[in-house]
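Just below is one structure, and these are the notes that go with it.
Note that the coordinates shown come from a computational prediction; the quantities given were computed from them, not determined experimentally. This chain uses plain numbering: 1 for the first residue, then up along the sequence.
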Amino acid sequence: MGMIQDSWSQGMCRVEEGLFFGSDEFISLEGSPHTGYTRAVRCPISDLMAEEPDAWCALDATATTWHESHDLSIDAGGTSLEAEGFLALVGHSTGQLLWLLHLSASEPFTEVKIEVDVICAKSGGYPDCFHWRIPILTPEALTVVRG
């Protein structure tokens with residue numbers, strides 16, 4: 001198992017904003033749910049570990065769904081830090097983390113479902129509620145609208 005998978009199993013995530021993959025790779029996302037996100041190139045998690053080895057936060061899953069035909073589970077919620085949210089895609093039968101989205105200003109994710117090959121999610125609440133569309137195979141192509 002890799003570092004990201006091990007951390008996921010322990011209910012932890014790196015504090016950086018972006019996408020973490022079970023292959024110990026990372027894509028940084030810059031922006032906000034109000035303005036949208038731009039992405040950097042995929043890099044090894046070891047680059048982040050060299051800079052700040054102890055930068056981890058605890059995850060608090062509050063919404064979970066299982067999509068039988070894809071054999072995928074989605075866990076979503078917040079973190080130990082205020083205003084943050086996460087969404088993780090996991091192989092249901094294997095428990096293998098495929099990717100984990102961690103954002104500092106999304107607010108906790110409260111609803112998730114899969115529509116064909118896209119995860120549809122909701123985060124936040126009054127006064128800011130956000131609706132997310134995240135392609136399963138290319139999560140870095142996510143879109144968000146304020147609703």
Side-chain angles (χ1 to χ4, degrees), residues 1-124 130-145:
M1 269 198 254
M3 186 177 308
I4 296 299
Q5 177 70 45
D6 288 344
S7 299
W8 164 253
S9 299
Q10 296 171 22
M12 302 294 287
C13 173
R14 293 286 302 178
V15 298
E16 290 85 8
E17 190 155 10
L19 284 155
F20 298 87
F21 297 88
S23 60
D24 280 353
E25 295 175 301
F26 170 71
I27 297 175
S28 175
L29 295 174
E30 292 185 18
S32 76
H34 295 280
T35 61
Y37 291 91
T38 58
R39 65 181 183 253
V41 297
R42 193 180 284 224
C43 66
I45 194 70
S46 58
D47 292 355
L48 297 176
M49 294 301 297
E51 292 176 25
E52 287 190 66
D54 298 325
W56 299 89
C57 61
L59 301 173
D60 180 23
T62 56
T64 302
T65 189
W66 174 47
H67 197 276
E68 188 173 5
S69 66
H70 283 72
D71 191 36
L72 296 171
S73 292
I74 304 167
D75 290 334
T79 75
S80 54
L81 302 171
E82 187 175 345
E84 293 190 351
F86 84 93
L87 193 142
L89 186 66
V90 180
H92 184 74
S93 59
T94 64
Q96 178 183 1
L97 178 70
L98 302 174
W99 53 259
L100 183 147
L101 173 66
H102 173 255
L103 299 170
S104 62
S106 65
E107 297 293 334
F109 285 87
T110 57
E111 297 176 21
V112 292
K113 65 181 178 179
I114 295 177
E115 292 181 357
V116 187
D117 292 329
V118 175
I119 294 172
C120 299
K122 180 180 172 185
S123 70
F130 304 103
H131 297 274
W132 302 81
R133 293 187 56 80
I134 307 165
I136 290 172
L137 297 177
T138 55
E140 63 274 16
L142 64 84
T143 58
V144 57
V145 294

Exercise for the section: Verify side chain to side chain contact (heavy atoms under 4.5 Å, CB included) between Leu101 and Leu29, making sure each step is shown before the conclusion. Expected result: CA-CA 9 Å; Leu101 173 66; Leu29 295 174; 3.6 Å; yes
Problem - Where at least one partner belongs to residues 78-110, residue pairs that pass ring-ring contact (aromatic ring centres under 6.0 Å, His included), sequence neighbours excluded - result: Trp66-His92, Phe109-Trp132
Handout entry: Glu115: partners by salt bridge (Lys or Arg N to Asp or Glu O under 4.0 Å), with sequence neighbours left out
Key = Lys113, Arg133
Practice task
Dump the intermediate steps for side chain to side chain contact (heavy atoms under 4.5 Å, CB included) on Cys13 and Leu100, then the final yes or no.
Solution key: CA-CA 8 Å; Cys13 173; Leu100 183 147; 3.4 Å; yes
Problem - Separation between CG of Leu59 and CG of Leu87, rounded to the nearest 0.5 Å - result: 11.0 Å
Exercise for the section: Can you run down the salt bridge (charged side-chain N to carboxylate O under 4.0 Å, His left out) pairs that involve residues 1-13, sequence neighbours left out, and say none if there aren't any? Expected result: none
Completion exercise
All heavy atoms of Val144 vs all of Pro33, minimum pair found to be CG1-O, 3.7 Å
Problem - Phe26 and Phe20 aromatic ring geometry - parallel, tilted or perpendicular at 30°/60° bounds - result: tilted
Problem - Within 6.0 Å of CG in Leu137, more than 12 heavy atoms from elsewhere - result: no
Fill in the blank from the handout: One should read off an interatomic distance between Gln5 CD and Asp24 CG, to the nearest 0.5 angstrom, of 9.0 Å
Exercise for the section: Could you tell me which residues satisfy side-chain hydrogen bond (donor to acceptor under 3.5 Å, both in side chains) with Ser7, sequence neighbours excluded, listed by chain and number? Expected result: none
Completion exercise
Glu107 meets the salt bridge (Lys or Arg N to Asp or Glu O under 4.0 Å) criterion, sequence neighbours left out, with none
Fill in the blank from the handout: So salt bridge (charged side-chain N to carboxylate O under 4.0 Å, His left out) across residues 85-95, not counting sequence neighbours, yields none
Completion exercise
The reported gap from CG in Leu97 to CG in Leu89 (rounded to nearest 0.5 angstrom) is 8.0 Å
Exercise for the section: Go through the structure and list residues passing salt bridge (Lys or Arg N to Asp or Glu O under 4.0 Å) with Glu111, not counting sequence neighbours. Expected result: Lys122
Exercise for the section: Using the test side-chain hydrogen bond (donor to acceptor under 3.5 Å, both in side chains), find all partners of Thr64 that sit at least two apart in sequence or belong to another chain. Expected result: Asp75
Exercise for the section: Provide the closest heavy-atom pair for Ser93 versus Asp71 in the form atom of the first, atom of the second, distance. Expected result: OG-OD2, 2.6 Å
Handout entry: Gap between atom CD1 of Ile114 and atom CD1 of Ile136 - 0.5 Å precision
Key = 4.5 Å
Practice task
Using modelled atom types only, decide if a donor and an acceptor are shared between the side chain of Ser106 and the backbone of Gly85 within a distance under 3.5 Å.
Solution key: yes
Exercise for the section: Just jot down the side-chain hydrogen bond (donor to acceptor under 3.5 Å, both in side chains) partners of Ser9, sequence neighbours excluded, or say none. Expected result: none
Listed pairs under 3.5 Å, donor-acceptor, residues 36-58 side chains, sequence neighbours left out:
{"from": "Arg39", "atom 1": "NH1", "to": "Glu140", "atom 2": "O", "distance (Å)": "3.3"}
{"from": "Arg42", "atom 1": "NH1", "to": "Glu25", "atom 2": "OE1", "distance (Å)": "3.1"}
{"from": "Trp56", "atom 1": "NE1", "to": "Pro53", "atom 2": "O", "distance (Å)": "3.0"}

Completion exercise
Rounding to 0.5 Å, atoms CD1 (Ile74) and CD1 (Ile119) come to a distance of 4.0 Å
Exercise for the section: Name all residues meeting the ring-ring contact (aromatic ring centres under 6.0 Å, His included) criterion together with Phe21; count only those two or more places apart in sequence or in a different chain, and write none if there are none. Expected result: none
Exercise for the section: Go through the structure and list residues passing salt bridge (Lys or Arg N to Asp or Glu O under 4.0 Å) with Glu16, not counting sequence neighbours. Expected result: Arg14
Exercise for the section: Report the distance from atom CD of Gln96 to atom OG of Ser73, rounding to the nearest 0.5 Å. Expected result: 12.5 Å
